[in-house]
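Contents: one structure, followed by commentary.
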Amino acid sequence: MKLVELVDELVEEGPYRFRIEQRDEMRVPGVVFASRGLLRDAEQSLQQVANVATLPGIVVASYAMPDIHWGYGFPIGGVAATDVDEGGVVSPGGVGFDISCGVRLLAADCDREELRSALPAIMDALDRAIPRGAGPGGLWRPFTRRQLERLLEGGSRYAVAEGHGEERDLTRCEDGGAVADADITQVSERARERGLGQVGSLGSANHFLEIQEVAEVYDEPAANAFGIARGQVCVMIHCGSRGLGHQICTDHVRAMDQAMARYGITVPDRQLACTPVHSPEGQAYLGAMAAAANYGRANRQLLSDMTRRIFRRTADVRLSLVYDVSHNLAKIETHEVNGTHRRLCVHRKGATRAFPPGHPELPQPLRKFGQPVLIPGTMGTASYVLTGVPGGDAFHSTCHGAGRTLSRHRALRTIATEDLRARLKRDGIAVRPLSWRGLTEEAPEAYKDVSAVVAASEGAGLCRTVARLVPLGVVKG
DNA sequence: ATGTCC
């Protein structure tokens with residue numbers, strides 16, 4: 001299938017909404033939520049949107065969020081749902097290598113001014129305590145194989161049961177902190193080996209732990225229900241399932257790549273390796289993916305617990321969980337398709353679930369306002385809290401972040417580390433990087449404008465903006 | 001994203 005110049009052929013069919021017409025092997029059209037500006041240089045990733053539209057069982061459309069960029073097989077910012085009972089497939093590439101990567105937001109019982117004098121000491125304590133960067137290192141040590149198995153099955157629930165959090169945390173976690181269908185027999189020895197020493201660690205690249213201030217509130221009632229107010233201090237944690245999730249993706253892509261032909265499936269790109277949800281390989285992947293999902297949540301739970309201890313002993317400040325949501329997962333969900341309710345495998349890769357107000361899976365205090373959606377920005381800019389809206393499109397999904405525009409290599413070539421250091425100092429942002437080189441690769445200029453991404457998402461009717469947060473302190477790998 | 005190539 002050759003689709004030329006997709007950018008020029010996009011059909012504008014609504015505000016911040018473009019269609020890629022169905023043709024050739026595509027089973028559905030593509031729908032891209034964005035502005036023309038955000039789609040500059042998006043040709044390769046639009047081709048990936050079209051490729052995803054060829055997958056067996058895909059329904060309605062192959063979607064892309066405003067922060068779309070090139071990814072493994074599927075674009076990052078992609079949403080694709082397949083009909084489980086009509087031969088629909090599951091594809092590891094539709095979740096990505098960092099299974100269950102996500103964001104957690106904690107609200108402090110103080111405002112910026114009250115924290116000002118204690119901030120340097122808190123940053124120094126976090127700098128010493130938070131494991132980060134590539135390779136081994138985690139907060140939960142020693143950690144046995146038996147404990148890992150229980151964590152893969154119990155997620156945040158297990159972490160809290162072992163003393164690493166509060167019961168209330170679980171009510172503010174997607175799926176109550178754990179998914180039930182983890183199958184640890186599908187997690188390889190190698191994945192376990194990599195995961196053992198990394199429980200409670202940030203990782204590297206765009207993952208971070210930030211102390212932030214609520215700079216602006218756009219929706220008072222929703223912000224109130226979420227427990228945040230202007231001027232309030234928050235902590236945002238962005239990380240995933242580390243080497244364990246990566247290894248699970250690697251293992252199951254290989255298995256599916258070898259099995260695909262047996263199901264008569266051909267795909268335009270081998271990176272779209274997939275098998276039916278009901279196949280043994282599909283079930284194996286979903287079971288292992290669920291285990292990685294639990295690992296990711298427990299990872300964020302351990303980091304929250306350590307951050308809480310530091311805030312408490314350094315500044316007598318308490319942190320309560322606003323919400324924890326992943327932006328790299330596949331889920332079996334029921335949605336209405338052409339007037340009938342269907343069981344769908346919804347892949348969200350660099351896309352965030354955004355349940356609307358009234359959704360039964362939302363905890364009671366939030367239900368009236370919709371699901372909190374947490375959008376990590378880039379250091380030195382802003383992060384956002386959004387909420388789901390009634391009738392939300394793309395199976396109730398929205399954006400997940402800024403999305404890179406410069407490669408790491410180009411960022412290092414064009415951005416002077418000393419200049420970045422000076423700008424952060426000028427803006428009063430305390431940074432504790434593991435390496436200044438790594439920090440330079442993550443400079444704001446290397447990313448799309450997160451505010452434009454959020455504006456396009458709201459303009460497309462995918463979510464509503466609740467609050468904007470700005471960084472006071474950044475801990476990074 | 002990732003023991004940034006078993």
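Convention: sequence-line order gives letters A, B, ...; per-chain numbering from 1.
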TODO: Specify the residue among A:Arg254 and A:Gly243 whose closest nucleotide of DNA chain B lies further upstream toward the 5′ end.
DONE: A:Gly243
Open item on the list: Quick check against the 3.5 Å criterion: does A:Ser326 have a side-chain atom that pairs as donor or acceptor with the backbone of A:Asn328?
Closed with: yes
So [X], base contact, sugar-phosphate only, or nothing? Heavy-atom distance under 4.0 Å.
X        : value
A:Glu441 : nothing
A:Arg404 : nothing
A:Gly96  : nothing
A:Gly135 : sugar-phosphate

Using whole Å, what does the distance between atom [atom2] of nucleotide [N] and atom [atom1] of [X] come to?
X        : N     : atom1 : atom2 : answer
A:Phe97  : B:dT4 : CZ    : C1'   : 12 Å
A:Leu412 : B:dT4 : CG    : P     : 17 Å
A:Gln247 : B:dC5 : CD    : P     : 14 Å
A:His246 : B:dT4 : NE2   : P     : 9 Å
A:Arg132 : B:dT4 : CZ    : P     : 20 Å
A:Asn328 : B:dT2 : CG    : P     : 11 Å
A:Glu442 : B:dT2 : CD    : C1'   : 14 Å
A:Glu193 : B:dT2 : CD    : C1'   : 16 Å

Open item on the list: Check the phosphate of B:dT4 against A:Ser204, side-chain N and O only, distance under 4.0 Å to OP1 or OP2. Yes or no?
Closed with: no
Task: Short side-chain N/O contact from A:Arg408 to OP1 or OP2 of B:dT4, under 4.0 Å - done: no
Open item on the list: Aromatic contact between A:Phe33 and A:Phe18, with the criterion being ring centroids under 6.0 Å apart: yes or no?
Closed with: no
Show me, pair by pair, the donor-acceptor contacts under 3.5 angstrom made by side chains of residues 75-83 of chain A, not counting sequence neighbours?
| unit_1 | atom_1 | unit_2 | atom_2 | d |
| --- | --- | --- | --- | --- |
| A:Thr82 | OG1 | A:Val89 | O | 2.8 |
| A:Asp83 | OD1 | A:Asp85 | N | 3.1 |
| A:Asp83 | OD1 | A:Arg342 | NH2 | 3.3 |
| A:Asp83 | OD2 | A:Arg342 | NE | 2.8 |
| A:Asp83 | OD2 | A:Arg342 | NH2 | 3.3 |

Open item on the list: Checking A:Ile332 against A:Arg343 for the side chain to side chain contact (heavy atoms under 4.5 Å, CB included) test, could you report, in this order, the C-alpha distance in whole Å, the side-chain angles of both residues, the deciding distance, and whether it holds?
Closed with: CA-CA 7 Å; A:Ile332 308 300; A:Arg343 283 205 315 137; 3.8 Å; yes
Open item on the list: Angle between ring planes, A:His327 versus A:His238, binned at 30° and 60°: parallel, tilted or perpendicular?
Closed with: perpendicular
